[in-house]
Amino acid sequence: MFTAQLQAEMLSWDALDERSWPDVADMEPADIARVLGVYATRVITPRGSTAVSGLELMTALRPPTRAVQDPQTGNWVPGHNPGSLGTEPMDPAPPEATPEHPVVVDSGWSGGFLNEEAYQWVRDVSLLTDEECTLPYAVGLDLNTAFLAAAARLVVGLSAPDHFRAPTFNPKIPGSWLVDLSHVEVDPRLPSPFTPDGTRPTGPAWYQTHRRLRPGTRLQRPPLEAYLRRESGAYLDPWHDRLKTAYVDTLADLGVTKDLDDHQFLAAMAQHKQADPAMATVLAAIKATVKGGVGKLRERPQGKSYKQGERWPTLERPTWRPDIRAAVISKARVNMHRKLSNMARMTGLFPLAVLSDCVVYPSPGESPLAFLPYAASGKPQPGGFRLGPTPGLAKLEGVQTMLWVVDLMEQGLNPARHIKGGDAVLDEGE
């Protein structure tokens, strides 16, 4: 009884943000306790916001120290835990930092910054074909926890950045590269893989290692500079594994399991929130933990009293790592672009718009089944978008008429933001 009452009192303190914990304010105390209990069991005991919890989970699963034996005294003492970020904060390379960061202000850096953000792209209306415009529908697909999928087996830097001039590109070394990719040809009906707005680069720019070229594309212009890290590892793997399991298990509680075929999956997703509202809230909190945790890796200063060039409190934690955030978002965009390219190759279909992990396609029917590629056996074709409940697979985001979508495009608006019937939530990990 006391626990349930405590959870109810927490709501009056705004302890559970409605954006991360939807509908929790309308729940009975017992349901609130259940929501928090399941989240604590599957993710972590809530610590402030879901974003804070996401960051704390990284440290809990990769603790900075471990017990080592002092060879002189024989005593067990704290020592560095390999694969972790250690106990001391680490300044980023200037192009990885934010403009107000001391490494930028104190050095007078003017060499540009990484621009690894989520896609916000709309195809030029003039590139729509008559055949596309006569299709009745536009269907939005949303990739499940795209940032979480990108974190799997992602190699990131663990040591301080070293500066190199005219380096030889090595896709296995994490870091930031200054390179001119303006020569790379991309079909104008697809967004460029190199910029968040999908436009073609116009000259040298900084890119994270994971901004890989398409297979068969040669780097005609070698990198001009790079900030690279000699020590690296899959720091986020335990974080990915725990949150993936939490996401899949919670969806299963809502009736969306791995054994469903695509028709059954779409039907289950259409009503999963009504199946168990408490578990639906847990699912939303897990998704917010992923995006918020990635965002906390580059938390910027807050408050009107802050002055550019001053250090702010979050810089003193080892997990202030904008390069890791950039690596996650970069890989997520690479994954999205690969699927877009494969869809064009396999089906001849091109997207109308992309917003972060949501893509909109013209369709002859109201279901993704009307245009997704399937083999003669009925199995989904590998490489394109596939429906399913695991991170990186897709679900239906929304359906609108093609006329409605074209009208938005002509107004300069992104239909992926509105395909669900309202404003999509764009969160590139800030």
Side-chain angles (χ1 to χ4, degrees), residues 13-15 17-20 47-59 64 84-118 120 147 156-165 174-178 195-197 203-208 224-229 235-236 288-330 356 425-430:
W13 308 335
D14 293 326
D17 191 321
E18 174 70 18
R19 293 169 296 179
S20 301
R47 308 179 185 190
S49 67
T50 49
V52 171
S53 296
L55 195 69
E56 290 291 325
L57 183 63
M58 294 180 195
T59 303
S84 76
L85 299 182
T87 59
E88 298 299 321
M90 183 184 302
D91 278 341
E96 298 166 347
T98 57
E100 66 271 16
H101 195 286
V103 301
V104 174
V105 176
D106 294 346
S107 66
W109 173 261
S110 59
F113 298 93
L114 282 173
N115 188 22
E116 299 290 10
E117 303 296 340
Q120 295 192 61
F147 288 172
V156 299
L158 301 177
S159 56
D162 291 321
H163 185 221
F164 298 87
R165 293 195 178 276
S176 303
W177 307 76
L178 180 63
T195 60
D197 64 3
W206 288 97
Y207 300 97
Q208 222 282 328
L224 303 173
E225 294 182 58
Y227 285 89
L228 308 177
R229 289 170 168 81
Y235 169 73
L236 292 173
T289 300
V290 173
K291 284 192 173 182
V294 172
K296 280 286 184 180
L297 292 167
R298 197 191 71 167
E299 186 174 0
R300 303 183 76 162
Q302 301 176 16
K304 296 181 179 180
S305 61
Y306 175 76
K307 296 181 180 179
Q308 194 171 33
E310 293 180 345
R311 296 190 70 85
W312 57 96
T314 54
L315 298 187
E316 306 311 317
R317 67 184 189 216
T319 49
W320 197 87
R321 290 294 302 273
D323 56 301
I324 296 180
R325 173 189 177 272
V328 172
I329 297 176
S330 173
S356 189
V425 176
L426 175 64
D427 186 344
E428 308 104 323
E430 267 304 342

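Index from 1, following the sequence.
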For the student: nearest non-hydrogen atoms of Val103 and Ala97, plus distance: CG2-CB, 3.8 Å

Flag, side chain of Thr289 to backbone of Gly54, donor-acceptor distance under 3.5 Å: no

Atom of Leu114, atom of Ala326 and distance for their closest heavy-atom approach: CD1-CB, 3.9 Å

Closest non-hydrogen atom pair between Pro64 and Thr59, with its separation: CD-CG2, 4.0 Å

Derivation of the side-chain contact (heavy atoms from CB on, under 4.5 Å) call for His101 and Asp91: CA-CA 9 Å; His101 195 286; Asp91 278 341; 3.6 Å; yes

Heavy-atom pair of closest approach, residues Glu100 and Pro301: OE2-CD, 3.1 Å

Verdict with supporting geometry, Lys296 and Val52, side-chain contact (heavy atoms from CB on, under 4.5 Å): CA-CA 7 Å; Lys296 280 286 184 180; Val52 171; 3.8 Å; yes

Side-chain heavy-atom pair Arg317, Leu55 within 4.5 angstrom cut-off: yes

side-chain contact (heavy atoms from CB on, under 4.5 Å) between Arg325 and Val294, intermediate numbers included: CA-CA 6 Å; Arg325 173 189 177 272; Val294 172; 4.0 Å; yes

Atom pair CG/OG of Asn115 and Ser330 - distance to nearest 0.5 Å: 11.0 Å

Nearest non-hydrogen partners of Ala288 and Ser20, listed with the distance: CB-OG, 3.6 Å

Full working for side chain to side chain donor-acceptor pair (under 3.5 Å) between Thr314 and Trp312: CA-CA 6 Å; Thr314 54; Trp312 57 96; 2.9 Å; yes

Point-to-point distance, once rounded to the nearest 0.5 Å, from OH of Tyr235 to OG1 of Thr319: 6.5 Å

Within-4.5 Å side-chain heavy-atom neighbours: Asp323 and Pro161: no

Distance in Å, Leu178 CG paired with Phe164 CZ, rounded so as to fall on 0.5 Å steps: 15.0 Å

Residues Arg311, Asp106: salt bridge by 4.0 Å N-O rule: no

4.5 Å side-chain heavy-atom contact, Trp320 and Arg298: yes

Distance in Å, Leu315 CG paired with Glu310 CD, rounded so as to fall on 0.5 Å steps: 11.0 Å

Ser49 OG to Glu56 CD distance, which is reported to the nearest 0.5 Å: 10.0 Å

Parallel, tilted or perpendicular, as decided by the 30° and 60° cut-offs, for the rings of Tyr227 and Trp109: perpendicular

Within-4.5 Å side-chain heavy-atom neighbours: Glu316 and Pro89: yes

Non-hydrogen atoms of Leu85 and Pro318 that approach each other most closely: CD1-O, 3.6 Å

Worked check of side-chain contact (heavy atoms from CB on, under 4.5 Å) between Arg321 and Val156: CA-CA 10 Å; Arg321 290 294 302 273; Val156 299; 5.8 Å; no

Within 6.0 Å of CZ in Arg47, more than 12 heavy atoms from elsewhere: yes

Side chains of Ile329 and Phe147 in contact at under 4.5 Å (non-hydrogen atoms): yes

Set of residues satisfying side-chain hydrogen bond (donor to acceptor under 3.5 Å, both in side chains) with respect to Gln302, sequence neighbours excluded: Glu299

Trp177: side-chain hydrogen bond (donor to acceptor under 3.5 Å, both in side chains) partners, not counting sequence neighbours: Thr209

Under 3.5 Å donor-acceptor, Glu116 side chain and Gln208 backbone: yes

Set of residues satisfying side-chain hydrogen bond (donor to acceptor under 3.5 Å, both in side chains) with respect to Ser84, sequence neighbours excluded: none

